[in-house]
Amino acid sequence: MSDPRDRGGPAQPLLLVEGLRKHFPVRGGLLHRQVATVQAVDEVSFSLGKGETLGIVGESGCGKSTTARLLMRLIEPDAGEVVFDGDAVGDRHGITVNAMRRQMQMVFQDSYSSLNPRMTIAESIAYAPRMHGLSTKEGLARADDLLAQVGLTPRQYARRYPHELSGGQRQRVNIARALALEPRLVILDEAVSALDKSIEAQVLNLLSELKERFNLTYLFISHDLNVVEYVSDRVLVMYLGRVVETGSVDSIYARPRHPYTRALFASKPTLDPDRRTAEMPLTGDPPNPIDPPSGCRFRTRCAFAQPICTGLSPTLSAPLDSADSDGAHLVACHIAEAQQVRHA
Amino acid sequence: MSQATLDLAQPRIADAVPLASAPGYWKAVRQRLLRDPVTIAVTLVLCGIVFISIGAPLVAHADPYVGSVLGRLKPIGTPGHWLGTDETGRDLWARLCYGGRLSLLAGILPVTISLIVGGFLGILAGYVGGLVGTLIMRTMDVFYAFPSILLAIAICGLLGNGLSNSVIALSVVFIPPMVRIADTVTTQARQLDFVEAARASGTTTMQIIRYHVLANVLGSILVYATSLISVSIILSAGLSFLGLGVTPPQPEWGLMLNSLRQAIYVQPYVAALPGVMIFVTSMCFNLVSDGFRSAMDVRLNK
């Protein structure tokens, strides 16, 4: 199984993100001046190994989708470096954004609006390959093949329009479309969140089949902790544009360290009486990202907040008692760093 | 690809769905238009009007320019002049037929010009946005400051009368609303996920505009343009009525309405005929535009 595009070998991360930042200007007033900034994504760094699935979780508005769009360069980052298989994206010595986009594709949450209503689904799938040089006939042949791969009989569906399909079928089409350029990395931005639970399970199974078959790497963005646990190898927890905790699924789900992660998990419904927790659930909304709290951004809702949390912004580091983890479990919290927060 | 995987992934209910030979988008639009009796009837009427205008020498044997002092203002049904004669004794049927040429031209030409210019500017402003978009849209806002008929009169007054000047004046009048419509629909289309997905697939801006934006924007712009044709006919008739458009003795519906105005107490039915033509034609264009709008809405009818 050797992909000619695989340049760095299996040990080199497929995607390396360093200090990604996007602050949206808020304009107002008579002269359209910038009056504030929304700190949508702030200093986000992570790496993604080949063949791995990284789950990104967090409340809505925490910057998950913005991160995805920044990676695809649908919006320009203010700062930060993205390295795709050893090549810096957009760098003079690296690869161009377009070359990166051919290897990195995205599936959007809204299955209906992400398909052109004026095109048959085969045309939608064949669009990108055709624009990149395939003939119409070859493109449609590839579309047929991909439709079969995602479990839609080409004879049945190829010439239908998006509005004639159900949500689950449309999302299969979107997955096929994302695979049309034979990408190595697929970003799934809430790709199954809008589906019924039963359909969601089918699509998740399809995704894991496709991952095996095409040797894919996934960046799986979701607010659903159960789904993330099911599909991911590693997890990244975001809060208000920052990474608060990252680590393997086992390590994080077994022992979440950051107070936010723990509150998030506490809000997850469970049927297991032993796992019911007395931990305080999160109250209130996340603070306004236009004017985030100084220091640790979670401190306004954190039960353990100390004076240090106001002044100093915590950095991602291994918790003190990280003997049990694989060394990849990092948390951005002064409290967890200094002492082990009693695990509920 | 094994059959087993397919079964697992896809419930077999789907097989019950008959194989639809789904046609292309424009083909489907045509099919839906053909199933709409009102649009068909109205289109036939329009075709009739276009035919008597273009084929005026074939259907009207009288000369539209030659009058007779004795045969002035004959009523409808006069032998030899079945629609009567106007105030200088010219055959009204002949003048209505020949007049259709100029009136239709004055109706369609400004709309076509503004469709091309305004559509281009609007799609550009909507897709590119930023400084270019602001510049285009604010320039258009300046034109909005004037009432449309006043603007047309001002331009015509500046350029002098004549058909070509009234076409220019009306084009200028129609470009701003066309730009606005194109800008609005493009801005909406641009934010749709499938345009984002197309951008994410690394295709060029021109390809995205051509394959994804244009098809979704053209429908709305075309429908709006069709509805403008009737406005254009009425406005150009208005300009002629005021003596700013076509010059006498050329036959044109608006101009005819103006000169027959004096005869309204003598031959009211004859005097009303050019107005009836204007009314019927603009009505037809409006109904056609309605028909197009519903035929182009993909989500209807299926």
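Residue numbering restarts at 1 for every chain, and letters A, B, ... go by the order of the sequence lines.
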**Message:** One thing to verify: whether Asp224(A) and Lys197(A) come together as a salt bridge, which I'm taking to mean a side-chain N less than 4.0 angstrom from a carboxylate O.
**Reply:** yes
**Request:** Heavy-atom distances under 4.5 Å only: say whether Leu181(A) touches chain B with side chain, backbone, both or neither.
**Result:** side chain
**Message:** Is the distance from the ring center of His163(A) to that of Tyr112(A) below 6.0 Å?
**Reply:** no
**Request:** With Arg180(B) as the cation and Tyr144(B) as the aromatic partner, state whether NZ or CZ is under 6.0 Å from the six-membered ring centre and within 45° of the axis.
**Result:** yes
**Asked** Is it the backbone or the side chain of Ala198(B) that comes under 4.5 Å from a heavy atom of chain A, or both, or neither?
**Response** both
**Request:** Flag the pair Glu138(A) and Arg142(A) as a salt bridge only when some basic side-chain nitrogen lies within less than 4.0 angstrom of an acidic carboxylate oxygen.
**Result:** no
**Asked** Measuring heavy-atom distances to chain B, does Met106(A) have an atom under 4.5 Å in its side chain, in its backbone, in both, or in neither?
**Response** neither
**Asked** What part of Ile208(B) lies closer than 4.5 angstrom to a heavy atom of chain A: side chain, backbone, both or neither?
**Response** both
**Prompt:** Is the shortest side-chain N to carboxylate O distance from Asp189(A) to Lys64(A) below 4.0 Å?
**Reply:** no
**Asked** chain B: which of Val203(A), Asn98(A), Val107(A), Asn174(A) shares the most heavy-atom pairs with it under 4.5 Å?
**Response** Asn98(A)
**Request:** Could you check which of Ala99(A), Ala158(A), Ser113(A), Ala180(A) has the highest count of heavy-atom pairs closer than 4.5 Å to chain B?
**Result:** Ser113(A)
